[in-house]
Amino acid sequence: MHKVTLIPGDGIGPEVVMSAKKIIVSAGVSIDWDIQEAGMAVFEKHGTPLPQRVIDSIKDNKVALKGPLTTPVGEGFRSVNVTLRKELDLYANLRPIKTYPGVPSRYDNIDIVIARENTEDLYIGIEHMVGEDAAESIKVFTRKGCQRIIRYAFDYARKEGRKKVTAVHKANIMKYTDGMFLSIARDISKEYCDIEFEEMIIDAMCMKLVQSPETYDVLVLPNLYGDIVSDLCAGLIGGLGFAPGANIGSRYAVFEAVHGSAPDIAGKNTANPTAMILSAIHMLKYLGELHAAKSIEKALSKALKEAGVLTADIGGEATTSDFTDYIISMLD
Ligand code: NAI
């Protein structure tokens with residue numbers, strides 16, 4: 001039996017996480033779930049959004065399925081997500097972006113995987129005021145940090161039989177930080193002669209992703225660009241409801257959707273659980289539960305072609321529970 005930490009999270013988190021859990025249980029996978037509360041609710045009760053027991057639980061179990069956690073904008077505590085990624089050294093944030101038949105979107109043949117650096121860049125959160133009228137934020141890249149995410153992207157491409165890795169940067173302006181990222185990408189690419197290497201400045205990348213997204217395969221990006229480009233790519237395939245993610249380190253892995261806690265629709269049973277279900281499918285593959293992963297994938301793709309069970313974000317009228325129950329009824 002596997003042991004997995006389950007963090008329901010804030011906003012729509014409990015709705016989408018419980019949908020994924022119910023489907024996994026119905027697919028017959030035996031998991032001992034260690035449910036851990038984190039985020040706003042815990043902060044209000046215990047004065048911290050990330051109690052030590054949550055981190056200890058992930059360290060013990062090695063794997064977590066996590067709902068989104070709210071971070072107050074411009075004030076209050078630091079992002080729990082950023083802290084968790086740093087604390088567990090989850091250096092690779094993998095975000096597959098794919099079009100699914102039945103889901104309305106502007107394109108029909110996108111299959112991109114984003115490998116976003118997850119522990120450095122401006123997200124280290126070192127900021128200060130300089131007098132009253134200026135502020136500074138420090139952007140940190142290390143050789144080790146760049147090397148491991150770039151190598152991860154190339155290894156992933158090779159393992160998954162993918163053809164091309166595009167390194168995204170702004171080295172024309174930031175010659176030390178992005179410059180180091182680019183020069184390491186160029187060096188490492190020489191060790192992977194079977195995979196095409198391409199480099200792209202971040203602003204041009206955004207335009208090209210909108211114009212011809214089908215020409216991209218694996219993208220490797222520093223933290224901030226990876227964060228922004230992930231949402232852009234989610235928009236290409238039907239929205240945030242369809243973008244799953246995995247935070248991977250050498251010892252631990254935390255699976256979560258790209259989207260946030262969506263306070264505007266929380267508690268209404270209308271959230272689209274697809275991104276969380278896809279994240280759970282990746283978790284099952286990571287745990288070696290390939291049969292269940294395949295069976296859920298098949299049931300999910302049948303559900304997405306069934307207009308009557310789609311959620312409001314893609315023009316349907318079904319609830320989160322209707323969609324979940326339909327997937328369960330389609331399991332082998
Ligand atoms: P958001 O992703 O929560 O919502 C953006 C828009 O997409 C909203 O209109 C929302 O209703 C819609 N949306 C998102 N997921 C959806 C789903 N599954 N089904 C249907 N519609 C969906 O982004 P926002 O509003 O910027 O962030 C809200 C909070 O979430 C913030 O506190 C932010 O810090 C946090 N956040 C947490 C993340 C995490 O825990 N990994 C990731 C991103 C944001």
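All ligand and atom numbering here is 1-based and tracks the order in the structure.
Less than 4.0 angstrom separates atom 36 (N) of ligand 1 from at least one non-hydrogen atom of the protein. For atom 25 (O) of ligand 1, the protein comes within 4.0 Å by no heavy atom at all. Distance screen at 4.0 Å: atom 1 (P) of ligand 1 has a protein heavy-atom neighbour inside the cut-off.
Given atom 30 (O) of ligand 1, the protein heavy atom at minimum distance is S261 N, 3.0 Å. Here the protein heavy atom with the shortest distance to atom 22 (C) of ligand 1 is I265 CD1, 4.1 Å. In this structure, atom 6 (C) of ligand 1 lies nearest to the protein heavy atom L240 CD1, 4.4 Å. Nearest to atom 40 (O) of ligand 1 among the protein's heavy atoms is L69 N, 2.8 Å. Here the protein heavy atom with the shortest distance to atom 13 (N) of ligand 1 is A262 CB, 4.1 Å. For atom 14 (C) of ligand 1, the nearest protein heavy atom (residue, atom name, distance) is H259 CB, 3.7 Å. Closest protein heavy atom to atom 41 (N) of ligand 1: E256 OE1, 3.1 Å. In terms of protein heavy-atom proximity, atom 43 (C) of ligand 1 is closest to G260 CA, 3.5 Å.
The salt bridge (charged side-chain N to carboxylate O under 4.0 Å, His left out) pairs that include a residue from residues 317-331 are K22-D325, where partners are two or more places apart or lie in different chains.
Taking CZ of F181 as the start and CE of M174 as the end, the distance is 12.5 Å to the nearest 0.5 Å.
A donor-acceptor pair under 3.5 Å is absent between the side-chain atoms of T311 and the main chain of D313, judged by distance alone.
Side-chain atoms of Y192 and D155, non-hydrogen and from C-beta on, do get closer than 4.5 Å to each other. Using a 4.5 Å heavy-atom threshold, the side chains of N81 and N247 count as separate.
Under the 3.5 Å distance criterion, with hydrogens and angles disregarded, no donor-acceptor pair is assigned to the side chains of H46 and E37.
Using a 4.0 Å cut-off between heavy atoms, N272 contacts ligand 1 through both its backbone and its side chain. Neither the backbone nor the side chain of A312 comes within 4.0 Å of ligand 1, counting heavy atoms alone. Both the backbone and the side chain of T71 come within 4.0 Å of ligand 1, counting heavy atoms alone. Contacts of V258 with ligand 1, taken as heavy-atom pairs under 4.0 Å, involve the backbone alone. Residue T70 touches ligand 1 through backbone and side chain together, judged by heavy-atom distances below 4.0 Å. Neither the backbone nor the side chain of M276 comes within contact range of ligand 1; no heavy atom lies under 4.0 Å.
Shown in contact with N81 at under 4.0 Å from a heavy atom are these atoms of ligand 1, numbered in order with element: 37 (C), 38 (C), 39 (C), 40 (O), 41 (N). For ligand 1 and P263, the ligand atoms under 4.0 Å from any heavy atom of the residue are 28 (C). Within the listing of ligand 1, atoms 39 (C), 40 (O) sit less than 4.0 angstrom from a heavy atom of P68.
Cluster membership for L221 and L236, using ILVMFWY side-chain heavy atoms within less than 4.5 angstrom, is shared. Each of V254 and V113 belongs to its own hydrophobic cluster when Ile, Leu, Val, Met, Phe, Trp and Tyr are linked at side-chain heavy-atom distances under 4.5 angstrom.
The pair K285-E297 meets the salt-bridge criterion, with a side-chain N (NZ, NE, NH1 or NH2) lying under 4.0 Å from an Asp/Glu carboxylate O. The pair R85-E256 meets the salt-bridge criterion, since a charged nitrogen lies less than 4.0 angstrom from a carboxylate oxygen. In this structure, D217 does not pair ionically with K163, as no charged nitrogen and carboxylate oxygen lie closer than 4.0 Å.
Residue contacts with ligand 1: A271 is placed with no nitrogen or oxygen under 3.5 Å of a nitrogen or oxygen of the ligand (distance criterion only).
F197 and F154 have tilted rings, their planes meeting at an angle from 30° to 60° on a 0 to 90° scale.
When the options K175, H169, K170 are evaluated for a side-chain contact (heavy atoms from CB on, under 4.5 Å) with I173, the one that passes is K170.
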